[in-house]
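The block underneath contains the structure these notes are about, expressed in structure tokens.
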Amino acid sequence: STIVLVFEAPKDFTFNLKAGQKIRFGEALGTM
Amino acid sequence: IQAASLTTATRLRPVHVLVGTGGGYVGYWQYGKYKDRELERQGIEVPPHVANEMEVALYKSIPTRLLSRAWGRLNQVELPMWLRKPVYSLYIWTFGVNMKEAAVEDLQHYRNLSEFFRRKLKPQARPVCNSHCVISPSDGKILHFGRVKNCEVEQVKGVTYSLETFLGPQTWTDISKGEDDAGSFQDLLVTKDGNQLFHCIIYLAPGDYHCFHSPTDWRVAHRRHFPGSLMSVNPGVARWIKELFCHNERVVLSGEWVHGFFSLTAVGATNVGSIRIYFDRDLRTNSPRYCKGSYNDFSYISSTNKEGVCMRKGEHLGEFNLG
């Protein structure tokens, strides 16, 4: 199964992720 | 020569033809992968081999929904006490499940695999990050993320799908945008000047914790349920089938957060065919009958509830179920 988030945010929103990395519920996805 | 060819033809059996063609296809496929590796070794980026229409149609013809419901029925069968430990231990070993995080570690507690699959975690097992406005709604693997450009979203690097096909038409709010600035579907979604549209795709592997939570503080106003196929969403398949997420059964929750539009979509798969949203008891997924390409809408905003459903960051939102 898959979860897809689509959302609007100010231009300076940045993800602190790497494609392919494992992630757990509650960990930061990104911020302004 | 005539006699020799005749004896050869009579000795040739269908199994030989099968082995010959199968072997030939595998050899051709391996040669293609060898060529890709050589190109990558020279630093040349190789575009992913996307399935053609015939291959997609062939894959979609597999009765994945029927298989999924049968798999679900099987996993609802209550296991006798003596069988629970070996069955769940095999599952734990196969998919690398960490039972120390489970709210109930005793394997005898779970009556069947379906219950085991829906296990909850100890509250302290997943602390919610307070310093970031968006958190991961679930455990999993980040398939892709970034800005949405030209209404296309990448499911994995290099393989895209249409955002409008995925979310369906923007009819969940009465947007009063003038004709001239209606622009593309993407412009319809962005409600505040200067904002951009972002996306993130998280793949949940079979052994992962399969409940999902609210990724931020937001108000859920609308649910759109797309019945559909239940093809595997494994990263390898996501690299092979373009628009995979637009074919599969999915539930789109949309609403607003502090910066405007926000949506979370749960996409089903073969072994995880059902999606539950805790505050939406009317939602029924993976039903036997549905019209291809259809979807059904439901609004959480009513005359008595102007807000919709308010969700706090980290709050329990829903779960995937087997079958």
Side-chain angles (χ1 to χ4, degrees), chain A, chain B residues 121 126-129 131-146 148 153 156-157 163 166-167 189-192 194-204 209-213 215-216 233 238 245 250 257 259-269 272 275 314 320:
Chain A
S1 34
T2 304
I3 288 183
V4 181
L5 301 180
V6 179
F7 55 92
E8 81 171 284
K11 277 195 177 66
D12 57 348
F13 179 86
T14 47
F15 286 101
N16 41 356
L17 299 169
K18 272 195 306 295
Q21 79 169 70
K22 290 287 281 179
I23 195 158
R24 307 198 320 176
F25 151 56
E27 291 175 354
L29 274 188
T31 195
M32 254 53 75
Chain B
L121 297 183
R126 294 285 186 280
V128 173
C129 171
S131 56
H132 289 68
C133 56
V134 185
I135 59 165
S136 176
S138 70
D139 284 12
K141 179 180 184 181
I142 301 290
L143 278 195
H144 210 272
F145 63 92
V148 176
V153 188
V156 291
K157 185 120 191 72
L163 188 61
F166 181 67
L167 296 179
L189 294 181
V190 176
T191 58
K192 295 182 165 68
N195 276 0
Q196 300 275 349
L197 212 53
F198 297 88
H199 79 284
C200 181
I201 302 173
I202 302 166
Y203 165 71
L204 290 81
Y209 165 61
H210 263 72
C211 296
F212 49 91
H213 301 245
T216 189
V233 291
F245 298 144
R250 60 195 183 279
W257 71 319
H259 298 291
F261 170 72
F262 198 95
S263 73
L264 178 146
T265 303
V267 183
V272 190
I275 298 162
F320 291 100

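The figures that follow rest on heavy atoms only: side chains count, while hydrogens, waters and symmetry mates do not. Nothing here was measured: the structure is a model prediction, and the numbers come from that model. In the text below, chain A, chain B and the rest are named by the order of the sequence lines, each starting its count at 1.
- The closest side-chain heavy-atom distance from F198(B) to L5(A) is not below 4.5 Å.
- Interface summary for chain A: among G146(B), G194(B), S263(B), A238(B), the most heavy-atom pairs under 4.5 angstrom belong to S263(B).
- Residue L163(B) touches chain A through its side chain alone, counting heavy-atom pairs closer than 4.5 Å.
- Nearest heavy-atom pair, A269(B) versus S1(A), reported as atom, atom and distance to 0.1 Å: CB-N, 3.9 Å.
- With respect to chain A, the highest number of heavy-atom pairs below 4.5 Å among I142(B), V267(B), L197(B) belongs to I142(B).
- Of all non-hydrogen atoms in F13(A) and V134(B), the two that sit nearest each other are CE1-CG2, 3.9 Å.
- The minimum heavy-atom distance between A28(A) and H132(B), with the atom names listed, is CB-CG, 3.3 Å.
- Between L29(A) and T216(B), every side-chain heavy-atom pair lies at or beyond the 4.5 Å cut-off.
- Taking V156(B), V272(B), I202(B), V128(B) one by one and counting their heavy-atom pairs under 4.5 Å with chain A, the maximum is reached by I202(B).
- With a threshold of 4.5 angstrom between heavy atoms, P137(B) approaches chain A through its backbone and through its side chain.
- Of the atoms belonging to L143(B), it is backbone heavy atoms, and not side-chain ones, that fall under 4.5 Å from chain A.
- Considering all non-hydrogen atoms of both residues, Y203(B) and T2(A) come closest at CD1-OG1, 4.2 Å.
- Interface summary for chain A: among A266(B), C200(B), C129(B), the most heavy-atom pairs under 4.5 angstrom belong to C200(B).
- For chain A, the option among Y209(B), W257(B), F145(B) with the highest count of heavy-atom pairs below 4.5 Å is F145(B).
- Only the backbone of S131(B) comes within less than 4.5 Å of a heavy atom of chain A; no side-chain atom from C-beta onward does.
- With respect to chain B, the highest number of heavy-atom pairs below 4.5 Å among T31(A), N16(A), I23(A) belongs to I23(A).
- In this structure, OG in S136(B) is found 8.5 Å from CG in L17(A), a value given to the nearest 0.5 Å.
- Between chain A and the options H213(B), R250(B), H144(B), H199(B), the largest number of non-hydrogen pairs under 4.5 Å is found for H213(B).
- Proximity of F25(A) to I135(B): side-chain heavy atoms (C-beta onward) are separated by under 4.5 Å at one or more points.
- Contact annotation for F320(B): only side-chain heavy atoms (C-beta onward) come within less than 4.5 Å of a heavy atom of chain A.
- Nearest heavy atoms, G260(B) versus E8(A): CA-OE2, 3.4 Å.
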